[in-house]
Amino acid sequence: MAEAADFQGTSASPARRWLRRAGALLAGAPLLAGLLQLPAATPADAAGQESVQAAAGAGSVSVAVDSLTPSAPSEGDTVTVSGTVTNNGKQTVTGAHVDLQVGSPLQTRSAIDTLAKKSDDLQGPSGEKIGGKYTAKFSALTPGVAQPFSISVPADKLDLGRDGVYPLAVALSGETSARPWDQVLGIQRTFLPWQPEEADTKTKTTFLWPLISSAHMAAETGSNEQQTPVFRDDELAKEIAPGGRLDQMVSLGKGLDVTWVVDPDLLASVDAMTGSYQVRGADDSTTPGKNQEIAKHWLAELQQAVAGEEVAALPFGDPDLASLADNGTNVTGSLNHLKEATDVADDTVETILHVKPSTDFVWPVDGAVDPSIVKVATSAGADKVLTRSDSLQDNLSYTPSAARPIGGGTTAVVADSRMSTAFQGDLTKASASTLAVQRFLAQSLTLGLQTSKQRSVVVAPQRMPSVSQAQTMAEALAALEDGNWSESQDLTAAAKAKPDPAANTKVPPASAYPRSLRAQELPQAAFQQIAATQGKLDKFKVILTRQSRVVTPFGRAMNREMSTSWRGKDVAALAYRNGIESYLDGLIDSVKLIEKSETKLSGRSATIPVTVQNNLVQGVEHLELRLTSQNPTRLKIGGDAYEEQRVTVNGGHSQSVKFTTSANANGQAKVVAQLYTEDGRPYGAAVTFDVKVTEVTPTVMLVIGGGVLLLVLAGFRMYTQRKRAAAREAAEDDSAGTDNDDAGSPQESVSARQNPEALGGRLKEESETGSRADAPEQPSDPAPDTAAESADPSGTGERVDR
């Protein structure tokens with residue numbers, strides 16, 4: 001082996017060979033040999049040795065423990081440790097071998113934390129090497145190449161004695177050309193829980209299994225009877241699709257004894273996807289959703305998974321209690337939203353999952369509490385607050401039970417912080433997942449060995465575990481259920497367990513609240529905007545004939561605006577709130593007055609029409625339209641300065657309301673039309689227009705009447721004169737006929753022969769005169785110029801009805 005090392009690079013001087021041989025005989029000589037060689041080495045050799053030493057201090061070879069089975073062995077089991085080793089240095093490692101080393105059992109939970117922080121430190125404790133045939137050997141480790149290993153050892157060969165948590169080190173040893181003696185080049189420490197027999201007193205463990213997502217639905221719904229929901233995106237479909245995060249949470253949790261903690265908003269959103277729904281795209285257009293079958297399958301799987309299990313329902317939308325306590329209580333109406341979110345949770349969960357949930361629990365972010373958070377959390381009726389032991393701390397040598405009274409009839413259910421945070425971080429690598437499982441089990445067993453008293457422990461992991469985190473949680477919980485020191489318990493039972501009289505019951509002050517969490521809270525401006533939206537909704541709903549079509553979707557949307565999922569997403573949260581408020585403004589503006597241009601009033605009295613347009617799909621009522629004259633001395637409306645009329649308009653229609661006016665003088669008067677709700681509050685924008693009064697005086701009427709009378713008298717005179725002339729002509733004709741019955745007057749005949757054009761002209765004139773005077777009206781005569789009344793917006797200079 002030494003020859004191989006010499007061949008690979010460094011100088012093969014007699015002094016070096018002598019020192020290596022001496023190192024094989026004398027204890028501690030390897031280090032001395034290295035020191036003696038440094039002055040005689042070439043500059044290249046020295047540089048190589050220094051780099052190797054630096055790498056060796058950090059572990060030039062990385063060791064990854066990808067699996068350890070069983071996680072908590074018993075007598076008769078065979079422990080198998082598998083993983084990979086990777087040479088991160090620049091020199092080949094020869095004579096490499098992986099050994100298992102078992103140390104003395106750890107006495108405290110803090111000792112487990114300390115060892116976990118130094119899991120790959122070469123200078124840390126290692127324990128006794130198992131050795132022998134329980135070693136994985138490699139001829140050489142090439143730089144940058146990972147090589148697998150697997151070691152199986154009977155449990156009785158591990159020299160495990162009393163119950164406890166044993167540190168298990170997986171160490172890679174070998175030689176390099178710069179340091180040609182066997183040394184540890186890489187190590188990975190983990191934990192081996194050892195409880196081969198059933199414990200006399202088992203720890204009762206409650207594991208919360210959260211089903212929570214971010215806000216996906218908007219307040220917008222379709223105009224059809226079913227009110228087709230609109231989703232902001234299609235991300236929820238990805239989460240519940242096979243292999244997605246929420247799909248994994250359901251499939252993994254199905255076989256575990258857990259308490260399901262559910263946000264009703266998630267259930268409502270997936271249930272909405274089982275029917276027709278729309279998805280809003282980046283260009284603000286909507287397209288039909290296509291994941292109905294995925295939603296139906298996920299809900300069916302969840303219904304089976306929770307059957308017979310405890311379900312705890314959070315308030316709808318999982319509101320951020322800390323943000324509400326710090327920034328929302330000074331904004332009117334904020335606590336009302338929390339009450340509504342709590343009230344709707346029960347019906348939502350029971351309707352969709354067909355189980356009766358518990359609604360007694362609230363869960364502040366990371367279990368961090370202060371007096372104001374507790375006060376807000378219980379204001380909606382819940383009397384149990386899920387907190388964490390790093391917030392409500394104890395100064396005891398052991399971990400007390402989770403439940404403890406904190407005053408006012410409120411119970412704090414204190415989750416264990418070490419076990420609850422065991423599954424955070426990136427667990428996509430098998431090695432990271434394995435270490436998390438072993439650390440979780442180690443903390444659980446050490447907790448159980450602290451005292452002979454039985455205790456109830458709660459584990460509250462992060463709200464939205466990733467797929468890899470969920471898989472690690474399931475693996476750890478399955479191992480815990482197979483262990484001999486713990487038994488499962490529901491959350492309600494843990495909350496009712498007898499409190500430890502020595503446990504801390506004093507809620508920490510606001511100054512102890514973590515600054516990192518405080519910085520992520522929703523600002524006061526967010527609650528002010530929510531309050532403004534609620535005010536608009538309250539004013540709008542009173543005119544609707546079917547209020548639930550608007551009140552319900554907007555109420556749930558405002559619950560989502562307060563969600564904990566907006567932490568650290570200020571821009572996205574503001575965009576969501578703006579979208580909700582903008583959509584409501586659009587609905588409110590759908591009921592409005594039609595603009596009017598200048599109106600001309602000819603006469604002492606007339607009616608002025610004002611049109612109310614309703615573009616909603618439902619009717620509106622409880623509205624009053626007031627028309628006010630700003631110059632009542634010139635123009636009165638309804639005998640006074642203003643008149644009001646009640647308005648009811650069907651959905652998709654317009655209605656014209658007519659007001660009686662009277663003019664006292666010529667000129668221009670300004671008129672204002674405004675809608676009001678029944679409580680006297682203005683609704684929508686006012687419409688202002690001018691009325692031009694052109695009154696007709698009595699003198700003008702007399703002149704016009706006199707002219708008409710003269711025309712009538714002139715016509716009567718012309719009629720009598722024509723009648724007398726006709727009588728004379730008839731008499732002359734009769735006289736001429738007596739003289740010559742068959743011929744005309746000789747004079748006329750001669751005159752006609754001599755001047756036929758004169759005779760024709762006279763006959764034509766008589767014919768036209770008779771036609772103008774006596775002709776009846778013909779069917780083809782034009783119709784009267786009387787336009788039909790229209791409700792369309794008035795044109796410029798419109799005239800009103802008289």
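Looking only at distances, a side-chain donor or acceptor of Q438 sits under 3.5 Å from a matching main-chain atom of F191. Side-chain atoms of T410 do not come within 3.5 Å of backbone N or O of I406 as any donor-acceptor pair. No side-chain donor-acceptor contact under 3.5 Å links R439 to the backbone of A422. The backbone N or O of D257 lies less than 3.5 Å from a partner atom in the side chain of E481, making a donor-acceptor pair. Side-chain atoms of W209 come within 3.5 Å of backbone N or O of M249 as a donor-acceptor pair. Between the D263 side chain and the G317 main chain, a donor and an acceptor come within less than 3.5 Å of each other. Side-chain atoms of S391 come within 3.5 Å of backbone N or O of V369 as a donor-acceptor pair. Put simply, the side chain of Q520 never gets that close to the backbone of T564: no donor and acceptor are under 3.5 Å apart. Although no hydrogens or angles enter the test, the distance criterion places a donor-acceptor pair under 3.5 Å between the side chain of S323 and the main chain of L522. At distances below 3.5 Å, not a single donor-acceptor pair connects side-chain atoms of D247 with backbone N or O atoms of S251.
With sequence neighbours excluded, no residue satisfies side chain to side chain donor-acceptor pair (under 3.5 Å) with T86. F423 meets the ring-ring contact (aromatic ring centres under 6.0 Å, His included) test with F440; sequence neighbours excluded. For W298, there are no ring-ring contact (aromatic ring centres under 6.0 Å, His included) partners, not counting sequence neighbours. With sequence neighbours left out, the side chain to side chain donor-acceptor pair (under 3.5 Å) criterion links K506 to no other residue. Partners of D500 by salt bridge (charged side-chain N to carboxylate O under 4.0 Å, His left out), not counting sequence neighbours: none found. Residues forming a side chain to side chain donor-acceptor pair (under 3.5 Å) with Q462 (at least two apart in sequence, or on another chain): Q469. Residues passing the side chain to side chain donor-acceptor pair (under 3.5 Å) test with D570, sequence neighbours excluded: none. Take E310 and apply the side-chain contact (heavy atoms from CB on, under 4.5 Å) test, not counting sequence neighbours, and it matches T259, D490, L491, T492.
For residues 62-93, no pair satisfies ring pair (Phe, Tyr, Trp, His ring centres under 6.0 Å), with sequence neighbours left out. Within the structure, the ring pair (Phe, Tyr, Trp, His ring centres under 6.0 Å) test picks out no pair touching residues 112-132 (sequence neighbours left out). Within the structure, salt bridge (charged side-chain N to carboxylate O under 4.0 Å, His left out) contacts touching residues 196-207 (residues at least two apart or in different chains) are E198-K202.
Under 3.5 Å, the side chains of T135 and D99 contain a donor-acceptor pair of N or O atoms. A donor-acceptor pair shorter than 3.5 Å can be found between the side chains of T399 and R109. One side chain, S468 or S466, offers a donor N or O that lies under 3.5 Å from an acceptor on the other. Between the side chains of Q471 and S433, no donor N or O sits under 3.5 Å from an acceptor N or O. Residues S110 and T108 bring a donor and an acceptor atom of their side chains to less than 3.5 Å of each other. Judged by distance alone, the side chains of S417 and S389 do bring a donor and an acceptor atom under 3.5 Å apart.
The heavy-atom pair separating T203 from G448 by the smallest distance is OG1-CA, 3.5 Å.
Classification of R404 and D394 as a salt-bridged pair holds, one side-chain N sitting under 4.0 Å from a carboxylate O. By the 4.0 Å N-to-carboxylate-O rule, R567 lies too far from D366 to be salt-bridged with it.
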Show which side-chain atoms of residues 150-164 pair as donor or acceptor with protein atoms under 3.5 Å away, not counting sequence neighbours.
| unit_1 | atom_1 | unit_2 | atom_2 | d |
| --- | --- | --- | --- | --- |
| S150 | OG | S82 | OG | 3.0 |
| S152 | OG | T80 | OG1 | 3.0 |
| D163 | OD2 | Q195 | NE2 | 3.0 |

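Surrounding CD of Q424 are more than 12 heavy atoms belonging to other residues, nucleotides or ligands, all under 6.0 Å away.
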